[in-house]
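Every chain is numbered from 1 and lettered A, B, ... according to where its sequence line falls, protein lines coming before strand lines.
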There are 2 protein chains.
Amino acid sequence: MKHTVTAKDVAKLAGVSQSSVSRVFFEGAKVSEKTRAKIMAAAEELGYRPNEFARSLITNRTKIIGIVMKGVHNPFYPQVLKQFAAAFKEKGYSMLFVHTNNDEIEAEDVETLLNYNVAGVIITDAVMALNVGEEFKKNKIPLVFFNRKLNSDEFYSVSCNNLDAGRKVAQYFFDQGIAEMAYIAGDADTSTSRDRQRGFQEVLKQKKAAYRHFSADYTYNGGYTTAMQMIEEGNTPPAIFVANDIMALGVLDALKKNSIQVPEQTKVIGFDNIEMASWPAYQLTTWEQPIDEMIEATLAYLLAEIAEYTGAAETFEVDGHLIERSTT
Amino acid sequence: MKHTVTAKDVAKLAGVSQSSVSRVFFEGAKVSEKTRAKIMAAAEELGYRPNEFARSLITNRTKIIGIVMKGVHNPFYPQVLKQFAAAFKEKGYSMLFVHTNNDEIEAEDVETLLNYNVAGVIITDAVMALNVGEEFKKNKIPLVFFNRKLNSDEFYSVSCNNLDAGRKVAQYFFDQGIAEMAYIAGDADTSTSRDRQRGFQEVLKQKKAAYRHFSADYTYNGGYTTAMQMIEEGNTPPAIFVANDIMALGVLDALKKNSIQVPEQTKVIGFDNIEMASWPAYQLTTWEQPIDEMIEATLAYLLAEIAEYTGAAETFEVDGHLIERSTT
DNA sequence: TATATTTTTGAATACGTATGCAAAAACGCT
DNA sequence: AGCGTTTTTGCATACGTATTCAAAAATATA
C-alpha cells in the first residue's frame with residue numbers, strides 16, 4: 001500500500017508539531033537549531049519530501065516555469081530549452097514543456113499553463129493572440145517573449161538587436177566591395193526576420209546598393225529550394241544574408257551542388273550560430289545570438305516579477321556579433 | 001487583486017453545491033443535464049478552471065509526465081520530445097521537462113519528479129542508478145526507458161531491435177561484396193551502441209569478415225575526429241557502420257575533406273534517420289528507428305500502468321528498416 | 001531571583017477540490 | 001395517487017501544507 005510520508009508523520013517521530021516540520025522545510029521560517037536537527041533526522045529516516053501540490057495550494061504559487069516552443073527542428077531552440085532548464089533548475093524551478101503545433105499558441109496550451117498556475121511563462125517561437133496575453137496579465141503571471149520583439153509594449157520581450165545586426169551585416173558585405181546583395185527571409189510574420197531585413201535593407205538603400213528579396217520559412221529545405229530557384233534563374237548574387245543558420249546551411253548545400261564557389265563567387269552569412277554552423281562541412285559565417293545574455297535577462301526579469309509582480313514591460317535587446325568563418 | 005475563481009463561486013452563481021460543480025468537471029461523475037448546463041454557463045461566465053493542485057492533492061494523482069533528457073545536441077531527442085508532447089497532450093497530460101547534465105540522472109532530478117508526483121516517467125538518454133529506480137517503484141510510478149535496453153528486467157524499456165539492426169547492416173554490406181568493415185561506437189555505456197555492435201560483429205565473425213572497432217561518443221565531432229584519425233592512419237575501410245546519424249555526418253564530412261569518394265571508396269551507414277540524414281548534402285543511408293511505434297508503445301504502457309499499476313516490466317523492441325540513400 | 005523581553009512552539013484554520021453518505025428528487029409501475 | 005426504485009444532490013470531511021495567534025520556553029535585564 002502506498003503511504004506517502006507526510007509532515008505529520010515526521011512530526012510524530014520527532015516529537016514536535018506539524019507546524020515545526022513545515023517551518024523547517026519552508027525557507028525563511030525560523031526554528032531553533034535543536035528542533036531543526038531532530039526534524040531533519042526524522043525526515044531523513046522516513047524519506048519525507050514536502051508535497052508540492054499541498055504547498056502550491058496554500059501559497060498559491062508554484063515553482064514551475066512554462067516554456068512554449070514550436071520549432072524543434074531548428075537546433076537553436078532545443079539549445080535554448082536546455083539552457084533554460086539548467087538555469088531555472090539552479091533556482092529551484094522546474095520546466096513545463098508545452099509544444100504548439102500551429103504557429104499560434106493554442107487555447108488548450110494556455111489553459112494548461114493557467115491550470116498549473118505556472119510562476120512564469122516563456123514563449124519562444126510561437127505567436128500569441130493578444131487576448132491570450134491578457135489572460136496571463138489578469139492572473140499576474142509574468143510572460144516573456146524570447147527571441148521575438150513585440151510591436152506592442154505590453155509585454156517583456158528579449159531578443160537580439162536584429163535591426164542593428166542586419167545593418168552590420170550589410171556594412172560588412174559592403175566593406176568587402178559588394179554592391180548587390182540578397183536577403184532570404186524566414187517566416188514573414190516573425191519580428192526577427194523582419195527586423196534583420198529592415199536593418200539590412202536600410203544600409204543598402206543608403207549605400208545605393210542593389211537589394212533582392214527572397215521569402216522562405218526558417219527551414220533547411222526552405223533555404224535549399226530558395227537557393228536552387230535563385231540559381232536556376234541564373235543570377236546568383238555575390239552575397240546572401242540568410243535569416244537563420246539552418247536555412248543558410250540549405251543555401252550552402254544548394255550552392256555546392258551547383259558548384260558555385262563560396263565565398264569566391266557568393267558569400268553567405270547566417271544568423272544564430274548554431275552548433276552546426278561550425279561543422280567542418282559548413283564553416284558558416286554567422287551572426288551569433290548571445291544566448292547566455294538573453295537567457296540571463298529572461299531569468300532576471302522572471303524572477304523579479306515572480307518575487308513581486310509589477311507587470312512592467314520592456315523590449316530588451318542585446319547585441320550579438322559576427323563570427324567569421326569561411327563562407328565570407 | 002488576484003482572485004482565482006473557485007468551484008464555490010461557480011456553485012453560488014449557479015445556485016448549486018460545490019460538489020455538483022466538482023462533478024461536472026470530474027469526468028466519470030454523474031450530474032443531470034439540467035444542472036450541468038447551469039453550471040457550465042456559470043463556469044463560462046466566471047472563467048472557472050479547476051485548480052490542478054487541489055485536485056492532485058486529493059486524488060493523489062497528476063496529469064504530468066516527466067521526461068528526462070540529456071542529449072539535446074542529437075536532433076533525434078528533440079524530435080522525440082516533440083512527439084511525446086503531442087501524444088500526451090492529446091491524452092490530457094502535460095510534460096515536465098527534466099534536463100540532466102551528467103550522464104547519470106541526478107538525485108535532484110529524481111526528487112523533482114517525485115515532488116511533483118508525476119504520473120509516469122520517460123527516461124531517454126540518461127543513465128539511472130538502480131536504487132533510483134526503486135524509488136519510483138516504491139511510489140508506484142511507472143517508468144519507461146526510451147531507446148535504452150536494460151540488462152535488468154526490472155523496468156519497461158522500449159527500443160529499436162538494435163541487435164538485429166546491426167546484423168542486417170552487416171549482411172547488407174556483405175551482400176555488396178565487402179569483407180572488411182568498421183564500426184564507430186557511441187558512448188560505451190549505452191545499450192544502444194553495444195547492441196548495434198554485437199549484431200554487426202556477430203555476422204562478420206560468422207562470415208569471417210574483418211572487423212575494426214573505433215570508439216566515439218555520439219557527437220558530430222566525435223565522428224569527425226575519429227574518421228580523421230582513421231584516415232590519417234592510412235587504411236580507411238570500405239564500409240563503416242556508425243552508431244548514430246549525427247556521428248555519421250561527421251564521418252562523411254571527414255571523408256569528403258580527404259576526398260574519399262562515398263560510396264565508391266567507402267560506404268557509410270548511420271542510425272536513427274534524423275532529418276539531416278536526408279539533406280541533399282549528406283543523403284545518408286541509415287537505419288530508421290520507428291519513432292512512431294516506439295512512442296506508441298511507450299504511451300500505451302504508461303497509460304495502462306497509470307490506470308492500474310502492476311509494475312510489469314518488459315523489454316519491448318521494435319524493428320526498424322534500412323533507408324537507402326547515396327552513401328551506400 | 002524576579003521580571004521584562006524575545007524567541008520558539010503548537011493548536012487551529014485555510015487553501016480548492018473529490019467523495020462517501022444520507023437526504024431529496026425524479027422516475028417507473030400498478 | 002401511491003409506492004418502490006433509481007438518480008441526483010448537498011453536507012461534511014479529507015488531502016498535506018503554510019500561517020496566524022496565543023501560549024510556552026528561552027533569554028536578557030534589573
Name the pairs: protein N/O against N/O of nucleotides 20-25 of chain C, kept only if under 3.5 Å.
none

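Toward the 5′ end of DNA chain D lies the nearest nucleotide of B:V16, the other residue of the pair A:A7 and B:V16 mapping further downstream. In terms of position along DNA chain C, the nucleotide closest to A:T35 lies nearer the 5' end than the nucleotide closest to the other residue of the pair A:Q18 and A:T35.
Going from atom CD of A:E33 over to atom P of C:dT8 covers 9 Å, rounded to whole Å. Atom CD1 in B:I39 sits about 14 Å away from atom C1' in C:dT17, given to the nearest Å. The NZ-C1' distance, from A:K34 to C:dT9, rounds to 12 Å in whole Å. Atom P of nucleotide C:dA14 and atom CD1 of B:I58 are separated by 17 Å, given to the nearest angstrom.
Legend: residues meeting salt bridge (Lys or Arg N to Asp or Glu O under 4.0 Å) with B:R55, ordered by chain and number and at least two apart, are B:E52. With sequence neighbours excluded, the residues forming a salt bridge (Lys or Arg N to Asp or Glu O under 4.0 Å) with A:E33 are A:R36, listed by chain and number. With sequence neighbours excluded, no residue satisfies ring pair (Phe, Tyr, Trp, His ring centres under 6.0 Å) with A:Y218. Scanning for ring pair (Phe, Tyr, Trp, His ring centres under 6.0 Å) contacts around B:F146 gives B:F84, with sequence neighbours left out. Under the salt bridge (Lys or Arg N to Asp or Glu O under 4.0 Å) criterion, A:K12 pairs with no residue, sequence neighbours left out. Every ring pair (Phe, Tyr, Trp, His ring centres under 6.0 Å) that A:Y48 has, sequence neighbours left out, goes to A:F25.
Pairs of residues two or more places apart, or lying in two chains, that qualify as ring pair (Phe, Tyr, Trp, His ring centres under 6.0 Å) and include a residue from residues 292-313 of chain B are B:Y156-B:Y301. Residue pairs meeting the ring pair (Phe, Tyr, Trp, His ring centres under 6.0 Å) criterion with at least one member in residues 101-123 of chain B: none, sequence neighbours excluded.
Nucleic acid contact for B:T59: sugar-phosphate only, since backbone atoms but no base atoms lie under 4.0 Å from a heavy atom of the residue. At a threshold of 4.0 angstrom between heavy atoms, the contacts of A:V31 are confined to the sugar-phosphate backbone, with no base atom among them.
Reading DNA chain D from its 5' end, the first and the last nucleotide to sit under 4.0 Å from a heavy atom of chain B are D:dT8 to D:dG16.
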I'd like a table of donor-acceptor pairs (distance under 3.5 Å, sequence neighbours excluded) in which one partner is a side-chain atom from residues 86-93 of chain B, with atom names and distances.
residue : atom : partner : partner atom : Å
B:K89   : NZ   : A:H99   : O            : 3.0
B:K89   : NZ   : A:E106  : OE1          : 3.4
B:K89   : NZ   : A:D109  : OD1          : 2.8

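Between the side chains of A:D125 and A:N147, no donor-acceptor pair of N or O atoms lies under 3.5 Å.
Ion pair B:K137/B:E154 flagged as a salt bridge, since at least one NZ, NE, NH1 or NH2 atom sits closer than 4.0 Å to an Asp/Glu carboxylate oxygen.
Under 4.0 angstrom from either OP1 or OP2 of C:dG10 there lies at least one side-chain N or O belonging to A:S20.
For the segment residues 44-56 of chain A, residues with any heavy atom less than 4.0 angstrom from an atom of DNA chain D are, sorted by number, A:Y48, A:R49, A:P50, A:N51, A:A54, A:R55.
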